[in-house]
Amino acid sequence: MMFPVNMEEQDYTTYCREMLTQLMTSKVSKVCLDAQELILTMISHFSLDITSVYNWSMVDPKVAGWLLNPDHPPNTFTEVVKMLWKDNHQECDQDADATTLLCQDLSQLLDVMELLRRRLMDCDLLDLYLNVEMKLTPILAGMEYHGICVDPQRLINMGDILKKRIGMVESDAYKSAGHRFLLSSHVQLRTVLFDELHLDEKCENRQKLARTSVNNLKSTSESVLVKLQHLHPLPKLVLEYRKLEKMKSTYVDGILACIKEGKLTATWDHTSAATGRLTSANPNIQSVPKQPLEITEASNKQPAEGDKHETTSLCAREPYIAREGCSFLAADFQSIEFRLLAHFSKDPSLLKVFQGDDKKDVFVELTSQWMNVPPGSVQTTDRERTKRVVYSIMYGVGPEKLATYLNVSAAEAKGFISSFLRRFPGVSRFTHKCIEECKAKGHVRTILKRWRLIPNIKSPNFFLKSQAERQAVNFVVQGSAADICKLAMILVGKQLVERGLRARLLIQLHDELVFEVADEEVDSVRGVVKDIMQSDDLLCDGKIKLQVPLRVSISVGKSWGRMTDSE
DNA sequence: CTAGCGTCA
DNA sequence: CGACTGACGCTAG
């Protein structure tokens with residue numbers, strides 16, 4: 001490429017922008033390490049419109065390397081080269097020099113990419129690579145570019161409330177322990193709870209108190225504290241302290257530290273999860289709590305009220321605000337992994353649960369059946385528990401673990417699992433099929449042929465083998481759901497551009513896409529998003545048929561913490 | 001049960 | 001002293 005030297009600065013910028021834009025949209029194959037970063041840099045530097053980068057096409061060796069071996073992705077070009085070398089030649093000792101030589105020379109980029117392309121083709125991953133992963137790259141760059149607006153003042157106010165409450169809990173804890181100690185230290189807490197107060201000895205079923213996995217010490221985990229909370233006021237105070245601290249350090253101070261120029265800019269990575277899911281970091285937006293934290297403030301202001309307590313609820317998502325004249329629009333695939341299990345297992349009674357257009361929420365329905373209450377009065381916490389239980393069983397939970405979830409005996413939990421699996425016999429058939437396939441081929445694949453190599457499936461170690469079996473099953477379902485969400489991001493993005501709608505994708509929460517939409521376009525965007533995500537053509541223009549329809553629910557709001565369902 | 005990331009000691 | 005690890009806790013299914 002040629003760049004003229006004697007040109008006015010403004011013309012030069014324009015020239016470069018034109019030049020690079022032409023290059024990016026041309027059919028020429030472009031190999032770029034960390035393509036997402038390059039796109040982000042170019043958007044920022046040339047102030048490009050996000051929509052203009054959606055059809056940029058590049059190939060990124062690191063993404064290819066990840067797709068080939070998602071559990072051990074290469075982090076540098078050197079590692080990409082080494083990976084190819086190792087796969088092609090078993091005896092790599094004498095080739096060590098050649099490897100280092102190649103690594104030093106980025107001019108080998110094209111050759112390396114060609115090798116990668118062949119490998120992708122041989123492994124039947126090329127289509128996924130070109131049409132899903134690389135198409136997603138500009139979308140992620142766009143998400144990183146515009147970021148999310150957060151109201152810092154609201155965060156600061158939340159921080160103040162938390163700080164006050166933490167101080168009160170601390171002094172209460174010191175009183176009940178008899179002395180000051182570091183509440184955040186598990187070691188010190190262990191001493192106070194067990195060596196000084198001997199709470200474990202007072203606990204009726206002390207055998208069942210958990211221990212730390214490594215040193216087999218007495219654990220101070222939530223499950224233990226819950227069991228001890230009726231014996232002494234301290235455990236309850238520690239539990240509250242931890243909740244408050246977590247909220248303050250991670251979701252108030254942590255978020256505040258990530259705000260730059262009034263907005264929150266996370267980094268989005270599609271090569272850090274082996275299942276194909278996206279991750280976000282700095283901050284991890286995907287882990288901002290959904291449920292508000294209830295705080296009981298002792299009301300010292302109104303002594304007349306006696307021991308009445310004022311309760312404030314702090315919602316970590318509340319400070320996330322749509323820009324002026326815009327609203328958030330969230331589109332959520334309803335129980336996508338459960339539906340995919342129905343698809344894969346072809347279990348008739350499970351298919352029946354999802355067939356038809358009905359707007360019922362499966363987890364609400366199941367909760368209402370199990371708890372014997374009308375669907376309308378199912379609490380969100382109960383629904384959430386049902387969801388956990390269903391997924392736990394799907395992925396092979398043991399009776400002991402399930403028993404702690406449900407707070408029942410292990411025997412009851414065992415009965416629960418077997419009755420669930422009896423009701424949906426296709427589930428076990430599917431799990432066995434996955435495991436057999438994995439044993440035979442050494443890997444399993446998702447609906448879009450994404451693969452995961454699981455060598456431990458043949459391990460002589462029982463724990464490792466069992467874990468591998470659960471991973472194999474989980475990968476097929478979770479990975480397929482990730483595939484579908486990625487397709488949705490790509491197709492919705494394309495459609496919004498084509499219709500000239502100015503809706504920008506801000507957040508992906510695995511099965512949910514959050515857009516920022518101009519108020520007057522909310523209705524049109526809702527229509528487009530819902531149509532695309534529920535369309536039978538979502539999967540490769542209908543080439544892949546699902547046994548169950550996908551259903552999407554939409555909610556809209558000015559703040560991420562106050563979204564309301566929207567038909 | 002499976003995926004992640006952030007905080008703290 | 002800074003890098004690393006384990007335990008914990010938040011998310012998503």
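A note on names: the letters A, B, ... follow the listed sequences, proteins ahead of strands, and every chain is numbered from 1. Worth saying up front: this structure is predicted, and the values here are computed from it rather than measured.
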Using a strict cut-off of less than 4.0 Å between a Lys/Arg side-chain nitrogen and an Asp/Glu carboxylate oxygen, indicate whether A:R450 and A:E133 qualify as a salt bridge.
yes
Would you indicate what A:Q478 reaches in the nucleic acid, counting non-hydrogen atoms under 4.0 angstrom: base, sugar-phosphate, or nothing?
base
Reckon A:R470 has a side-chain N or O less than 4.0 Å from the OP1 or OP2 of B:dT2?
yes
Residue pair A:E318 / A:S559, side-chain donor-acceptor N/O under 3.5 Å:
no
Measure from the side chain of A:P289, starting at C-beta and using heavy atoms only, and say which of C:dT11, C:dG9, C:dA12 lies closest.
C:dT11
Short N-O contact, A:E37 and A:K62, less than 4.0 angstrom
no
Please list residues of residues 233-255 of chain A whose heavy atoms come under 4.0 Å from any atom in DNA chain C, ordered by number; otherwise none.
A:R242, A:K246, A:Y251
For A:K387, is there an ion pair with A:E384 - N to carboxylate O distance below 4.0 angstrom?
yes
Could you check how far CH2 of A:W268 sits from P of B:dG4, rounded to whole Å?
15 Å
Closest to side chain of A:S221, choosing from C:dC8, C:dA12, B:dC8
C:dC8
As a test of reading the structure: which of C:dT11, B:dA3, B:dC8 is closest to the side chain of A:N474, going by heavy atoms?
B:dA3
Could you tell me the separation between the CZ atom of A:R452 and the P atom of B:dG4, rounded to a whole number of Å?
7 Å
Are A:K163 and A:D160 within salt-bridge range, i.e. N to O under 4.0 Å?
no
Using a cut-off of strictly less than 4.0 Å between a heavy atom of the residue and any atom of DNA chain B, enumerate the qualifying residues of residues 411-422 of chain A by number.
none
Within this structure, what is the CZ-to-C1' distance between A:F475 and C:dA12, rounded to whole angstrom?
17 Å
Could you give the CG-to-P distance, from A:L183 to C:dA7, as a whole number of Å?
20 Å
Base, sugar-phosphate, or nothing: which does A:R317 touch, judged by heavy atoms less than 4.0 Å apart?
sugar-phosphate
Contact list for DNA chain B against residues 278-288 of chain A - heavy-atom distance below 4.0 Å:
A:T279, A:S280, A:A281, A:N282, A:N284, A:S287
Flag the pair A:F363 / A:W370 as yes when their ring centroid distance falls below 6.0 Å, and as no otherwise.
no
Would you say A:N461 and A:S459 are linked by a side-chain donor-acceptor pair, where the criterion is simply a distance under 3.5 Å?
no
Only counting residues at least two apart or in another chain, list the ones meeting ring-ring contact (aromatic ring centres under 6.0 Å, His included) with A:W66.
none
Is the ring pair A:F420/A:F338 parallel, tilted or perpendicular, if the boundaries are 30 and 60 degrees?
parallel
Reckon A:Y405 touches a base, only the sugar-phosphate, or nothing at all at heavy-atom distances under 4.0 Å?
base
Can you tell me if the side-chain N/O atoms of A:K290 get under 4.0 Å from OP1 or OP2 in C:dT11?
no
Contact class for A:G479 vs. all strands (heavy atom < 4.0 Å): base, sugar-phosphate, or nothing?
nothing
Scan residues 453-460 of chain A against DNA chain C and write down, sorted by residue number, each residue with any heavy atom closer than 4.0 Å; if none is found, say none.
none
Can you name the ring-ring contact (aromatic ring centres under 6.0 Å, His included) partners of A:W268, sequence neighbours left out?
none
